[in-house]
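Structure, as structure tokens:
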Amino acid sequence: MVNQELAQIFYNFAIFLEMDGEAFKPFAYERAGAVLEVLTEDINDIYKKEGLKGLERIPGIGVSIAEKIEEYLKTGEIKYYEQYKKKYPVDVKELIAVEGIGPKMVKALWKELKIKNLKDLERAAKAGKIRNLPHFGEKTEKNILQSISFLKREKGRFLLGGILPTVQEIIGGLKSLKEVKSVSEAGSVRRRKETIGDVDILVASSKPSKIIDYFVSVPGVVKIWAKGPTKASIRRKEGFDVDLRVVPEKSYGSALQYFTGSKEHNIVLRQIAVNKGLKLNEYGLFKGKKMIAGKTEEEIYKKLKMEIMEPELRENTGEIEAAQKNALPKIIGYQDIKGDLHCHSDWNGGENSIEEIAKAAMAMSYEYIGIADHTKFLRIENGLDEKQLKERNKEIDRLNSKIQISNSKQISNFKFQILKGCEANIMPDGSIDIEDEALEKLDYVIAGIHSQFKITKDKMTKRIITAMKNRNVDIISHPTGRLIQKRDEYQIDFDEILKVAKETGTILEINSYPERLDLRDVYIKKAKEAGVKMIINTDAHHINQLHFIGYGISQARRGWAEKKDIINTQSLEYLLEYFK
DNA sequence: GCCGTTTTCGGCCCGACTGTTTTCAGTCG
């Protein structure tokens with residue numbers, strides 16, 4: 001989307017301006033970039049409808065940046081920006097990604113050594129050329145090399161799903177110490193972002209040294225980066241870094257608020273504090289020298305005259321304004337899901353029998369579970385044909401009656417049901433790979449794209465729309481097809497898809513699989529605004545993956561989704577009626 | 001370059017650390 005292209009340009013713009021020592025413009029451009037990145041409307045549509053004035057209506061975009069957006073939409077480039085690209089023919093984004101390198105260093109490296117990209121930087125550092133530059137030294141050079149090797153190995157970020165279990169383990173360990181009064185994850189982990197750079201953990205205690213000593217000696221620590229009186233930084237064997245900070249109880253709330261971020265959220269919060277004649281930092285909220293809040297996050301937000309919001313909302317994408325008006329959404333909770341409708345059994349590529357899946361679902365206190373085996377097109381996953389699907393349905397009927405009989409004697413109002421579903425394949429022309437007659441026998445039908453991702457935007461949009469108009473199709477799985485850090489989403493006109501989803505009552509999936517998390521948060525927000533229903537599913541191929549649901553819920557929360565927007569927060573009766 | 005229940009001009013978030021320096025610029029979160 002053109003929004004993202006412009007966002008990236010403005011981010012780079014900000015860096016160029018900072019290289020030239022501009023004082024306040026970089027901040028303005030960075031803000032414009034951040035605003036565009038999360039803007040749900042297509043900037044091109046806004047411009048077409050309302051022209052320059054429409055652009056200037058967007059907060060953070062004024063006359064000058066609006067004109068640059070116009071220029072980009074009309075000509076595909078921005079002259080002023082092109083001039084900078086000529087002046088500094090450098091891959092700023094790549095270089096700035098190196099820990100410890102900022103705009104000023106990029107400039108020096110270019111001017112003195114003609115370093116343009118990561119490759120040049122690595123070569124120069126290995127040759128020992130960097131240490132001779134003014135304001136650089138041996139240690140800086142060594143740090144740069146370390147940073148580059150980390151970047152190359154891990155691309156710098158980790159999937160939330162890959163690290164959260166370990167984080168919770170570490171926190172559990174800290175909780176067991178009697179010196180620990182409170183402990184929580186902070187930073188992007190607490191905000192449940194899709195990917196995590198490094199992990200922040202915060203502890204309240206009056207005995208910091210004991211906590212620090214324990215923290216650096218836990219099994220799994222492979223390197224201690226820093227160990228001070230109240231903070232420590234380590235690398236885990238899994239490859240990511242963890243920062244721990246210990247603060248006194250009276251500052252725990254302000255520190256938690258501060259270290260949870262996001263940076264953008266905090267900037268605005270501190271500004272609001274300043275406007276009220278107050279000062280906010282990690283030690284508390286102050287009026288002059290007097291501390292007026294700090295023990296809890298609630299009292300800080302309250303003193304700043306707003307509702308406290310869930311960490312997943314703290315991105316400065318409208319939550320602060322909403323909180324000031326007491327108009328925060330009541331986002332879906334982690335206990336609100338009543339069942340998972342996208343599980344693969346051993347009838348296709350999955351690892352567990354339907355009975356095992358049902359038992360695991362009951363253990364999670366679900367009211368229903370849906371088996372959505374692949375259909376025949378997906379040979380590699382043993383997709384089921386019409387006949388096999390019929391056999392599988394019989395098995396589900398058998399299990400359902402067995403469950404009812406075995407439980408009716410013990411709990412009178414017990415209800416649990418296994419639903420008959422499938423994840424059918426959407427063919428390139430939008431048709432479904434299995435007969436309508438077979439689909440009609442099911443409780444519900446998921447349809448998804450599993451092949452031919454690289455077709456034009458127009459064709460892909462039509463393909464999905466054709467599938468949604470099939471009267472048997474209830475849900476579209478992983479609607480944009482992206483795999484985080486592996487594959488971009490396919491080209492679609494999302495607004496058009498929302499329109500047809502609304503007309504046909506088709507549900508869009510929020511796939512909880514850690515590398516999918518598809519829909520993304522901005523799309524969830526759009527779907528909610530369009531009144532399109534969503535469902536949070538796991539796509540589990542093993543019962544150990546049923547807990548992925550938490551990541552999908554996080555994603556929904558970051559998209560401001562409420563309970564009513566998510567259909568599997570509802571009862572079985574409601575669901576079956578809706579599908580019919 | 002943006003913005004306005006103190007302002008259409010004069011402000012713009014805050015503190016700590018690091019590595020290079022003899023007092024601080026640059027970077028980070």
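Since we're looking at a predicted model, the values are computed, not measured. Here is the naming used below: chain letters follow the sequence lines, and residue numbers restart at 1 for every chain.
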When A:E297 is tested against each of A:K302, A:K303, A:R314 for salt bridge (Lys or Arg N to Asp or Glu O under 4.0 Å), which residue passes? A:R314

Interatomic distance, [X] [atom1] vs [N] [atom2] [rounded to whole Å]:
{"X": "A:K276", "N": "B:dT5", "atom1": "NZ", "atom2": "P", "answer": "11 Å"}
{"X": "A:I15", "N": "B:dT27", "atom1": "CD1", "atom2": "C1'", "answer": "13 Å"}
{"X": "A:W225", "N": "B:dC28", "atom1": "CH2", "atom2": "P", "answer": "15 Å"}
{"X": "A:D243", "N": "B:dC17", "atom1": "CG", "atom2": "P", "answer": "13 Å"}
{"X": "A:I130", "N": "B:dG19", "atom1": "CD1", "atom2": "P", "answer": "15 Å"}
{"X": "A:F259", "N": "B:dC17", "atom1": "CZ", "atom2": "P", "answer": "10 Å"}
{"X": "A:N266", "N": "B:dG29", "atom1": "CG", "atom2": "C1'", "answer": "9 Å"}
{"X": "A:I78", "N": "B:dG1", "atom1": "CD1", "atom2": "P", "answer": "12 Å"}

Should A:Y523 and A:E489 be marked as a side-chain hydrogen bond (donor to acceptor under 3.5 Å, both in side chains) after you check the CA-CA gap, both sets of side-chain angles, and the distance that decides it? CA-CA 12 Å; A:Y523 289 137; A:E489 53 191 56; 2.5 Å; yes

Would one find a side-chain N or O of [X] under 4.0 angstrom from OP1 or OP2 of [N]?
{"X": "A:K142", "N": "B:dG19", "result": "no"}
{"X": "A:T140", "N": "B:dT18", "result": "no"}
{"X": "A:K263", "N": "B:dG29", "result": "no"}
{"X": "A:N143", "N": "B:dG19", "result": "yes"}
{"X": "A:N281", "N": "B:dG15", "result": "yes"}

For atom [atom1], what is the distance between [N] and [M], given to the nearest Å?
{"N": "B:dG4", "M": "B:dT8", "atom1": "P", "answer": "13 Å"}
{"N": "B:dC24", "M": "B:dT20", "atom1": "C1'", "answer": "9 Å"}
{"N": "B:dT27", "M": "B:dT21", "atom1": "P", "answer": "15 Å"}
{"N": "B:dC2", "M": "B:dT6", "atom1": "P", "answer": "23 Å"}
{"N": "B:dC3", "M": "B:dG15", "atom1": "C1'", "answer": "26 Å"}
{"N": "B:dC9", "M": "B:dC14", "atom1": "P", "answer": "25 Å"}
{"N": "B:dT22", "M": "B:dT7", "atom1": "P", "answer": "45 Å"}
{"N": "B:dC12", "M": "B:dC17", "atom1": "C1'", "answer": "24 Å"}

Using a heavy-atom cut-off of under 4.0 Å over every strand shown, decide if [X] touches base, sugar-phosphate, or nothing.
{"X": "A:I61", "result": "sugar-phosphate"}
{"X": "A:Y283", "result": "sugar-phosphate"}
{"X": "A:V268", "result": "nothing"}
{"X": "A:G60", "result": "sugar-phosphate"}
{"X": "A:I101", "result": "sugar-phosphate"}
{"X": "A:E138", "result": "sugar-phosphate"}
{"X": "A:K25", "result": "base"}
{"X": "A:P26", "result": "nothing"}
{"X": "A:I65", "result": "sugar-phosphate"}
{"X": "A:V98", "result": "sugar-phosphate"}

Using a 5.5 Å cut-off between ring centres and planes within 30 degrees, is A:F24 stacked on the base of B:dC12? yes

When both distances are under 3.5 Å in a Watson-Crick or G-U wobble arrangement, the nucleotide paired with B:dT18 is B:dA25

Please evaluate the base of B:dG29 for a donor-acceptor partner in the side chain of A:Y258 within a cut-off of under 3.5 Å? yes

Between [options], which nucleotide has the shortest distance from any of its atoms to the side chain of [X]?
{"X": "A:M105", "options": "B:dT27, B:dG29, B:dG1", "value": "B:dT27"}
{"X": "A:R31", "options": "B:dC3, B:dC14, B:dT20", "value": "B:dC3"}
{"X": "A:K139", "options": "B:dG19, B:dT27, B:dC14", "value": "B:dG19"}
{"X": "A:P103", "options": "B:dC2, B:dT27, B:dC13", "value": "B:dT27"}
{"X": "A:E99", "options": "B:dT27, B:dC28, B:dC14", "value": "B:dC28"}

Heavy-atom nearest pair, A:K193 first then A:L160, reads O-CB, 3.3 Å

Pick out which of A:Y84, A:F24, A:F13, A:Y80 makes a ring pair (Phe, Tyr, Trp, His ring centres under 6.0 Å) with A:Y29. A:F13

Comparing nearest nucleotides in DNA chain B, the 5'-proximal residue of the pair A:K68, A:G100 is A:K68

Assert: residue with more 5' nearest nucleotide on DNA chain B, out of A:D200 and A:E56, is A:E56

Ignoring hydrogens and angles, tell me if any N or O in the side chain of A:E94 forms a donor-acceptor pair with the backbone of A:L118 under 3.5 Å. yes

Between A:N3 and A:E41, does the side-chain hydrogen bond (donor to acceptor under 3.5 Å, both in side chains) criterion hold? Intermediate values first, please. CA-CA 9 Å; A:N3 293 22; A:E41 294 161 278; over 6 Å; no

Side chains of A:Y11 and A:E37: any donor to acceptor distance under 3.5 Å? yes

Basic-acidic side-chain contact under 4.0 Å: A:K526, A:D495: yes

Should A:R131 and A:E141 be marked as a salt bridge (Lys or Arg N to Asp or Glu O under 4.0 Å) after you check the CA-CA gap, both sets of side-chain angles, and the distance that decides it? CA-CA 6 Å; A:R131 63 182 72 176; A:E141 188 176 83; 2.9 Å; yes

